[in-house]
Asker: 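Before we start, here is the structure in question, set down as structure tokens.
Numbered from 1 within each chain, the chains take letters A, B, ... in sequence-line order.
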Amino acid sequence: MGWNVHLPKAEWYRPEDLTANGCALLTPLLNELKATRDVSIDTETTGLNIVKDIPLFWSMAWGERRMCMPAATMNLFREIFADEDKRWIFANAKYDMHILNNVGFTLEGSCCDSAVMHALLYEEQPHGLKDMAREVLGWKWTDFKNTFGLSEKKEGAVAEALFRAEKENLQLLIEYAANDAYGTLKIYEKLKKELEDTNTYSLYPSEFATMGDIFFKTEMPYTKVLWGMERKGITIDRQYLKDIEGPCQARIKEVERDIVRLAGRPINPNSPLQLRDIFFNELKCRPLKYTKGGKSGTKAPSVDYDFLHYYRNEIPLAAALLEHRDLTKLDGTYIQGLQNRVDSANRIHSRFNQDVARTGRLSSSDPNLQNVPTTENDKFKVRGAFIPQDGCDLIVVDYAALEMRLLAAAAMDPLMIQIFLDGKDIHMGNAEMVFGRKVGMDYEEIKAAKKIDGKVKQGELPPEAMTDRVHMALQFRQRIKTIAFGLNYGMRENKLARDLGITKDEALALMEEYMATYPAVSQFYESAIKETEQTGYSFTIIGRRRYHPEILSNRDMERFGAQRQAVNNQIQGGAADVVRFAQLGIDAACLEERFGCRMLLQVHDELVFECPKETVEEAKPVIRQLMEHPFFTDLAVPLDVSLASGPSWMNAK
DNA sequence: CGGCCTCGCGCG
DNA sequence: AAAGCGCGCGAGGCCG
């Protein structure tokens, strides 16, 4: 094993050990636990599935005690689990909380995830327990696989390995498991101090003076909120998926036949290698760009969406491949993928990861529900398969232009803020300010143009309604939208020119017009970079830090990359702050107790709830209020959400 | 064969 | 010379 630190004795208790002689061992243990706030727990389980797997052994540590026990002892600790003042320490808290809940245990206290603490301080490092132990504590620690010789990956292999270890090498198992909890506790103690010693700058300095405040006041409670969402899951209409599966697969078959016919020979449409051969050797196409090239560093002409799209009219094979990619992705990832993941109650339980995105956003996995195709882009409408449970509607709530609002607030640009105060659409407002004023086109005319466009598309107005003036208004809006988003991401004139189909000089001129209209925004981009150069980090509204060590790099690519991240982090991260606070507020408002309304999904600027039909209209204004006023005091820019409800994620109006 | 990488692409 | 942020996933390809 190679332990290179002094460790307290690893204790081992079976249920009968604890209860013998009138609980002679258990009673003092419980008394000691009752007097302790910070206790760490880890579980050794049958596997990694948060719905199905159960604990076989578990370990606890507090102070200088560390112990391992069979799962059967858990019952003896119920009163401790029910203690609301406990702070339970985990590495990957939500996972262990699921495993405990799978056998009927719920923890009432706070749930503190050392991996989330670690992510706040060391975003660039991995946050696995063994990784953290190595980096934070200097422990050399063999992982589960190498400790217990887990060779095969089949169902039940983990359980088998654990039971074999219990029989053949109990001391090893005890040491290993006890250290999972003990190491977690030691990592927590060290990171807690580091977080509390790290000052930060926040819009709410009395609430958030250090990173410790950020962790203990927002991240730690958030873990439990997210756990609740994962636990509930969301209902999937399996019949709906079955119903779209046939037509989708039939169409894939058809397109595959077309591809073979158009290529003149059987090919694998998913193989970039084979596609390159056809497009560049046989058809002599001009490469638009080259792939990055991996370990070998060999760059190859790209056959991505942009390439195929460019040739879609000239070469029918390109168009067929585009459709094939669309459909196979849809079928594999969603139509099949979601069906494979429903539990016995027809619900899927996505994981909301708190320690992945560098900006403070969540990520979603197993399955990822944050990239389900939107209805406009999906002819089979997978979102229609996400439904509420019986008697309920889904409530879908979206922030309108959240990132642009945070840009306006961060920059304190009076003109842009005024657009929001007037309740206007930001892209129309920008279009008026930057382009419209020069040609005597005001906000109302742009708004009317958008409406006309919609009606023509619906067939409610004849195509002649699309006058040159209407086209101009629409183009103004689209262009300013591309510019505004692009600048938040640090886009340069080259890319803008390509996106808008104009010259580099024209693109540069457009960007300059935008900046001239909103000088404070321009100033914000500049000072964001300057400040990061001085301090080495950027921060969000509540003071969540992100380090940008490459901001002073001599290599242009690295330095420019860090500049883009420093700018974007404040906007994307600020938006993440807003949504996180909204979710905490919603959780604290007990919507489930009041309305039976349950928060199920978060998709960055959107929340999805499930609510009994009869209380939907009562819950809506409460949700709106909480989401539009997430902080102690309001920002300089009003927040605005759109609320919809209905029988599915697709049909919410 | 598993493990790991790249590519390509879905979402905000 | 290079230049759009943040994610996760399925499939193919490559390596040991």
Asker: Check whether any side-chain N or O of A:Arg546 sits under 4.0 Å from OP1 or OP2 of C:dG6, and answer yes or no.
Answerer: yes

Asker: A:Asn377 near the nucleic acid: base, sugar-phosphate alone, or nothing, with a heavy-atom cut-off under 4.0 Å?
Answerer: sugar-phosphate

Asker: Is A:Thr359 near enough to C:dG6 that one of its side-chain N or O atoms lies under 4.0 angstrom from OP1 or OP2?
Answerer: no

Asker: Pick base, sugar-phosphate or nothing for A:Arg383, based on heavy-atom distances below 4.0 Å to the nucleic acid.
Answerer: sugar-phosphate

Asker: Determine which nucleotide pairs with C:dG4, using a 3.5 Å limit on both distances of a Watson-Crick or G-U wobble pair.
Answerer: none

Asker: Can you identify which nucleotide, out of C:dG4, B:dC11, C:dA3, has its nearest atom closest to the A:Met491 side chain?
Answerer: C:dG4

Asker: Report yes if at least one side-chain N or O of A:Arg564 is closer than 4.0 Å to OP1 or OP2 of C:dC5; otherwise report no.
Answerer: yes

Asker: When rounded to the nearest Å, what value does the distance between P atoms of B:dC9 and C:dA1 take?
Answerer: 30 Å

Asker: Starting at CG of A:Leu327, measure out to NZ of A:Lys253 and round the result to the nearest 0.5 Å.
Answerer: 12.0 Å

Asker: Compare the minimum distances between each of B:dG12, B:dG10, C:dA3 and the side chain of A:Asp605, then state the nucleotide with the smallest one.
Answerer: B:dG12

Asker: So what does A:Val356 hit on the nucleic acid, given a heavy-atom distance under 4.0 Å: a base, only sugar-phosphate, or nothing?
Answerer: sugar-phosphate

Asker: Does A:Gly332 reach a base, just sugar-phosphate, or nothing at all? Heavy atoms under 4.0 Å.
Answerer: nothing

Asker: Is the distance from OP1 or OP2 of B:dG10 to the nearest side-chain N or O of A:Thr333 less than 4.0 Å?
Answerer: no

Asker: Is A:Arg351 touching bases, backbone alone, or none of the nucleic acid, heavy atoms closer than 4.0 Å?
Answerer: nothing

Asker: Would A:Phe485 and A:His427 count as a close aromatic pair, with their ring centres under 6.0 Å?
Answerer: yes

Asker: Would you indicate which nucleotide in C:dG4, B:dG10, C:dG6 comes nearest to any side-chain atom of A:Arg358?
Answerer: C:dG6

Asker: Would you indicate which nucleotide in C:dG10, B:dC11, C:dG4 comes nearest to any side-chain atom of A:Tyr489?
Answerer: C:dG4

Asker: Please work out if A:Thr328 contacts a base, only the sugar-phosphate, or nothing of the nucleic acid, heavy-atom cut-off 4.0 Å.
Answerer: nothing

Asker: So, A:Lys94 versus A:Gln354: side-chain donor-acceptor pair below 3.5 Å or not?
Answerer: no

Asker: Please check the phosphate of B:dC9 (OP1 and OP2 only) for any side-chain N or O of A:Arg325 closer than 4.0 Å.
Answerer: yes

Asker: Let me know the distance between CD1 of A:Ile529 and P of C:dA3, rounded to the nearest Å.
Answerer: 17 Å

Asker: For a quick check of understanding: with a heavy-atom distance under 4.0 Å over all strands, which category does A:Gln565 fall into, base, sugar-phosphate or nothing?
Answerer: sugar-phosphate

Asker: Closest approach to the side chain of A:Pro373, judged atom by atom: which nucleotide of B:dG10, B:dG8, C:dG6 is it?
Answerer: B:dG10

